[in-house]
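Notes to accompany the following structure.
For ligands, and for the atoms within them, numbers begin at 1 and follow the listed sequence. Remember, it's a predicted structure, so these values are computed and weren't measured experimentally. Hydrogens, waters and symmetry mates play no part in the numbers below; they use all other heavy atoms, side chains included.
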Amino acid sequence: MMKKIFAANWKLFKTPQETRDFFTSFKNLLSSSPSSGEIVFFPSAICLEAASISLKDSKISWGAQNCYIKAEGAFTGENSAQTVKSLGGQYILIGHSERRSLFLEKDEDTAEKVSFVQSLGLIPMLCIGETLQERESNKTVEVVARQLRQGLSRVQSGKPLVVAYEPVWAIGTGKVATAEQVAETHKSVFEILKSLGLEETPILYGGSVKADNAAGLINHPHVNGFLVGGASLDPESFIKITSV
Ligand code: PGA
């Protein structure tokens, strides 16, 4: 069975000091409540060094929420995946719905980032998901298929990759998708990945995952873990999710 992945997207929350405090408590909790899966944190860019120091010599992975498609250069305001790598990070989140809707990232941008991140030996976690309007007009499969086919158009098969399915209408809204909707869409995502020769890719669910709904979602085939926003900010709430 594929190992589960429990990922935390901290968005623009926490200072470096709050990051250090979080990891002190979280590592403590983890020692008495170990997870059978892999745990990955995505702190904001300014807190990555604090995370890197706190997580050194632990089994916990981490990465950045976004990156540019060059390692360095005259690109004011961007983040370097190469620097993430040099600090010991393993992952880069790509194409989160907030990047797509607020910062106008397109599928072509996600494709370039996936390719660049893989070329550095880091693991891209590509986020996909439909809006409420798209779901209500029965376009969910069409939308996720487009996001996957275009976003993975330059993927290097054989290199690690993770996909996170996050329905936009479930992110930060408290409206978690039903177990049936999750099972059905994850199956479609799996079929699309399989058609691309990428059936080994873990598929995470995200969107209002909390300690009290995680157990009901994790046991579906093709649900290989979670990407958690709000409920990952508190060590006690996230530890419960990592041990479902
Ligand atoms: P949420 O966010 O858990 O707060 O809904 C998930 C995400 O944006 O990745």
Near K11, which atoms of ligand 1 are under 4.0 Å from a heavy atom of that residue? 2 (O), 7 (C), 8 (O)
Sub-4.0 Å atoms of ligand 1 with respect to non-hydrogen atoms of H96: 7 (C), 8 (O), 9 (O)
Purely on distance, is any nitrogen or oxygen of T173 under 3.5 Å from one on ligand 1? no
Are E38 and K4 within salt-bridge range, i.e. N to O under 4.0 Å? no
Does the gap between the ring centers of F41 and F238 come in under 6.0 Å? yes
So that I can tick it off, tell me whether E105 and K113 are bridged by a salt bridge, with the cut-off set at under 4.0 angstrom between side-chain N and carboxylate O. yes
Under 6.0 Å from the CG atom of L102, do we count more than 12 heavy atoms belonging to anything else shown? yes
Work out whether the distance between some heavy atom of K210 and some atom of ligand 1 is less than 4.0 Å. no
Are any of the N or O atoms of I171 closer than 3.5 Å to those of ligand 1? no
Using a 6.0 Å cut-off, check whether atom NZ of K139 has over 12 heavy atoms from anything other than its own residue. no
I'd like to check whether G206 has a polar contact with ligand 1, where a contact means an N/O of the residue lying under 3.5 Å from an N/O of the ligand. no
How far is atom 9 (O) of ligand 1 from its nearest protein heavy atom, and which residue and atom name does that atom have? E166 OE2, 2.6 Å
Residue portion contacting ligand 1 (non-hydrogen atoms closer than 4.0 Å) for S232: neither
Sub-3.5 Å N/O-N/O distance, G230 and ligand 1: yes
Taking CD in E49 as the centre, count heavy atoms belonging to other residues, nucleotides or ligands within less than 6.0 Å. Is the count above 12? no
Contact with ligand 1 for A170, non-hydrogen, under 4.0 angstrom: yes
Is it true that G207 lies under 4.0 Å from ligand 1, counting heavy atoms only? yes
Check for me whether the distance between the ring centres of W62 and F22 falls short of 6.0 Å. no
Would you kindly say whether S119 and R154 are connected by a side-chain donor-acceptor distance under 3.5 Å? no
Atoms in ligand 1 flagged as close to L227, the criterion being non-hydrogen separation under 4.0 Å: 9 (O)
How about CD on Q17, more than 12 heavy atoms from neighbouring residues, nucleotides or ligands closer than 6.0 Å, or not? yes
Taking only heavy atoms of S208 into account, list the atoms of ligand 1 that are under 4.0 Å away from them. 1 (P), 3 (O), 5 (O)
If we number the atoms of ligand 1 from 1 as shown, the ones under 4.0 Å from a heavy atom of G172 are 1 (P), 4 (O), 5 (O)
Charged N to carboxylate O under 4.0 angstrom, D107 versus R100? yes
Closest protein heavy atom (residue, atom, distance) for atom 3 (O) of ligand 1: G229 N, 2.8 Å
